[in-house]
Amino acid sequence: MAQVKLPDGSTKEVANGTTVEELARQIGAGLARAAIAARIDEQLVDLSVPITADVSVQIITSKDKESLEIMRHSCAHVMAEAICSIWPETKLVYGPTVEDGFYYDVDLDEAIRPVDFELIEKKMTEIVKADSSFVRKEISREEALSKLSGDKYKTDNINRAEGDVISFYSHGDGFEDLCRGPHVPSTGKVGSFKIMSVAGAYWHGDPTQKMLQRVYGTSWSTKKELDEYLQILEEAKKRDHRVLGKQLDLFSFNEAGPGFAFMHSGGMIIWNSIVDFWRSVHNRYGYGEIKTPIILNEELWHKSGHWDNYKENMYFSEIDGVGYAIKPMNCPGGCLVYKFRQHSYREFPIRVAELGLVHRHEASGVMHGLFRVRQFTQDDAHIFCTPEQIESEIVGVIELTFEIYRAFGFEDFHIELSTKPEKHIGSDEMWDTATNALKGALKRKEIDYQINEGDGAFYGPKIDFHIKDCLKRSWQLGTIQLDFSMPERFGLVYTDKDNTEKTPVMIHRAVLGSFERFIGIIIEHYGGSMPLWLAPEQVRVLPISEKSSEYAEVVENRLKDAGLRCSVDLSNEKIGAKIAKAHGEKLPYMLVIGPKEAETNAVNVRIRGVQENKTVGIDEFLESAKCKVVDKEIDLSI
RNA sequence: GCUGCUGUAGCUCAGCUGGUAGAGCGCGUCCUUGGUAAGGACGAGGUUAUGGGUCCGAGUCCCAUCAGCAGCUCCA
């Protein structure tokens, strides 16, 4: 007999060798029906596992979050069988679960196309209907290796697996796959699924290896959950900044310059509003602002180390027979400005910001709307200071960064610290000092962070800031990078207290990262419905008919005098159509006016997304709107 | 850069196995002068991404180039 401890604290005695499934049945028929897998002493196992000692057991049902992963993994096996039955020459590689679903990498010369998904799903449905059991078989590592000796992918998987026992799972007639498990008891329990997409993926993520086909699928406990998930995907699609940018006439791309964004006047209003805010904050934090040239002599880039470490991403040109480079970063230019005159320790720290336009030749396949472009504006800054000042300067940058993020409603951030990469300049000692300074500042601000070993820039370690948008998607924005080597390379010095020349420390930092990308992020974050202070057009006056054109002009002038961005819709349309059009353009405020309003110097205010409307005096509206702009308020209600 | 898919009117898309382009929205003109999420009529718009090829004939089939999309690798 074995003593089984259950999650509610109770114990149950069962015969030695009782399977978990039998245990579930003894507890209750409902539980047995709902059971997907189990956890024995912290380890996830199949229901068919026998209990042979005193253990604690938790039966996992679809209510537990672990079940979804198990289900999806099983679903991946079902998909693998379906693919193998359609294309018998398929070699299976690896099929894990991912967030929201699973994929299976397969080696198959014939391309699987989206039109084939239906066929795969049909085959899967047959396998699910058969409801055949998942059967686990364990053999020794040696046996497994000889069994699969002809299969380089599975042999590789065995070599990567831990332990001496290698397990296989089979279901139905003949389908078997190397797998750690656990699995749902039978193919009928893989949930509601859908094949999502297919794309190429290198074996082991290594570009020198064969390109495999990665088939993505998703599965959920119920059809309803699957439909909800597909619905959310639809919603995210509507928020796509590439779609909204086109629809709202904010920016565009053209074949004439792949990866180079064209900012339209609407997009530039958003841009300039952010710049105004950004400048005011930087001014308050003691930054000066400079602007350095986009094209600089190639020699400079040899000196900075970019030629050796970043050449493949740079654009080059020639002027009067002399080599020039288009800047991919602003720091060398910043160093030249520093060098323009002498500096004393008394001036330190010197904080110099630059909205620098940089060009980087990104691989053609990685471009993505405003998120990944070949030309972008960094909200860069370089701080020159003494080693003693590093920590407090970093603390200052962190405070400034958080203040800016909060203005856009980003409250959920996390920080990552990246250390020395393989390709780097500077001594190990330098790297240690720099890395410790960053850690010190984070400790002082009591900020938790994650460490990414080997992920730093070639000239120094860095801290990266990540934010989460309203759809809980994470984005990297700001970065702080310590640099002890660039000042040395450029021969930057300052005169210290003891009247000797010393090399300053240089801190590179960006808060928003790239203006282009940040604008893309906030478009998605706000779903195109920009807060008043960022909205390209803030108010539109909608006269009921031509008879009110004159009063519309009066209202428009009042709005313009108050500094609000506005227009009047004088089109020959009924009021309903004008409202619908303004809503489509995501106008924050619509002021409906007719003879009634004209009589009392009033406006009837309609707010974006709100059905009810309210008549107020012009002055009252202006006062409220002006305050909302100044306070960067998101709520539009008056 | 790699793999796969896509490219038709300003936008979103239709166009079956090859037989000389179509809708809705938008745009223009006119009618209508209206009270809160799209009134009506008429009309203008396309070397079907580009360049080759097969064919009596190509939006449709084949090849190349360019661009976009989904991923992979890389990255702000």
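Every chain is numbered from 1 and lettered A, B, ... according to where its sequence line falls, protein lines coming before strand lines.
Distance from the side chain of A:S197 is smallest for B:rA70 among the nucleotides B:rA70, B:rG35, B:rC72. Taking only side-chain atoms of A:M367, from C-beta outward, the nucleotide of B:rG68, B:rG39, B:rC2 with the closest atom is B:rG68. Comparing B:rG35, B:rG71, B:rA70 by their nearest atom to the side chain of A:I575 picks out B:rG35. Of the listed nucleotides (B:rG34, B:rU33, B:rA76), B:rU33 has the atom at the smallest distance from the side chain of A:E546. When the nucleotides B:rA76, B:rG34, B:rU36 are ranked by their closest atom to the side chain of A:I544, B:rG34 comes out on top. Here the side chain of A:P595 is nearest to one of B:rG35, B:rC72, B:rC5, namely B:rG35. You'll find that the side chain of A:A111 is closest to B:rG4, out of B:rC66, B:rG35, B:rG4.
Look at the P atom in both B:rU12 and B:rC72: the space between them is 26 Å, to the nearest Å. Rounded to whole Å, the separation between the P atoms of B:rC2 and B:rG45 comes to 42 Å. Atom P of B:rA23 sits at a distance of 15 Å from the matching atom of B:rG15, rounded to the whole Å. B:rC13 and B:rA21 have their C1' atoms separated by 14 Å, given to the nearest Å.
A syn base is found at B:rG45: its glycosidic angle is within 90° of 0.
Listed pair A:H368 / B:rG71 fails the phosphate criterion, with no side-chain N or O lying under 4.0 Å from OP1 or OP2. Between A:R242 and B:rA70, a side-chain N or O to OP1/OP2 separation shorter than 4.0 Å is present. Phosphate contact (OP1/OP2 of B:rG1, side-chain N/O of A:S364, threshold under 4.0 Å): present. Put simply, A:R606 has no side-chain N or O that comes within less than 4.0 Å of OP1 or OP2 on B:rG35. Phosphate proximity of B:rG34 to A:K547: present, with a side-chain N or O under 4.0 Å from OP1 or OP2. For A:Q611 and B:rA37, the shortest distance from a side-chain N or O to OP1 or OP2 is below 4.0 Å. The side chain of A:K246 places no N or O atom within less than 4.0 Å of a non-bridging phosphate oxygen (OP1 or OP2) of B:rG10.
In A:E312, the CD atom is crowded: over 12 heavy atoms of neighbouring residues, nucleotides or ligands sit closer than 6.0 Å.
Nucleotide B:rA23 has B:rU12 as its partner under the Watson-Crick or G-U criteria, with both atom distances under 3.5 Å. When both pairing distances are held under 3.5 Å, B:rC5 makes a Watson-Crick or G-U pair with B:rG68. Taking a pair to require two hydrogen-bonding distances under 3.5 Å in either a Watson-Crick or a G-U wobble arrangement, B:rC55 remains unpaired. B:rG28 is paired with B:rC42 under the criterion used here, namely a Watson-Crick or G-U wobble arrangement in which both key atom distances are under 3.5 Å.
Below the 3.5 angstrom threshold, one finds a donor paired with an acceptor across the side chain of A:E362 and the base of B:rA76. For A:E597 against B:rG35, a side-chain N or O and a base N or O form a donor-acceptor pair under 3.5 Å. For A:R372 against B:rC75, a side-chain N or O and a base N or O form a donor-acceptor pair under 3.5 Å. Interface remark: the A:D206 side chain does not form any donor-acceptor pair with the B:rU73 base, using a distance-only criterion of under 3.5 Å.
A distance below 6.0 Å separates the ring centres of A:F518 and A:F408. Between A:Y315 and A:H361, a ring centre-to-centre spacing shorter than 6.0 Å is recorded.
A pairwise comparison of heavy atoms in A:K327 and A:L357 identifies CE-O, 3.2 Å as the closest pair.
Take the nearest nucleotide of RNA chain B for A:N254 and for A:G576: the residue whose nucleotide is more 5' is A:G576. Along RNA chain B, the nucleotide nearest A:I607 and the nucleotide nearest A:Y202 are compared for position; the residue whose nucleotide lies closer to the 5' end is A:Y202.
Inter-residue side-chain proximity for A:R360 and A:M314 is flagged as unmet; no heavy-atom pair is nearer than 4.5 Å. For the pair A:F262 and A:F251, the minimum side-chain heavy-atom distance is 4.5 Å or more.
In this structure, A:R214 is positioned above the aromatic face of A:Y103, its NZ or CZ under 6.0 Å from the six-membered ring centre and within 45° of the axis.
Here A:Y216 does not pack flat against the base of B:rG71, since the 5.5 angstrom centre distance and 30 degree tilt limits are not both met.
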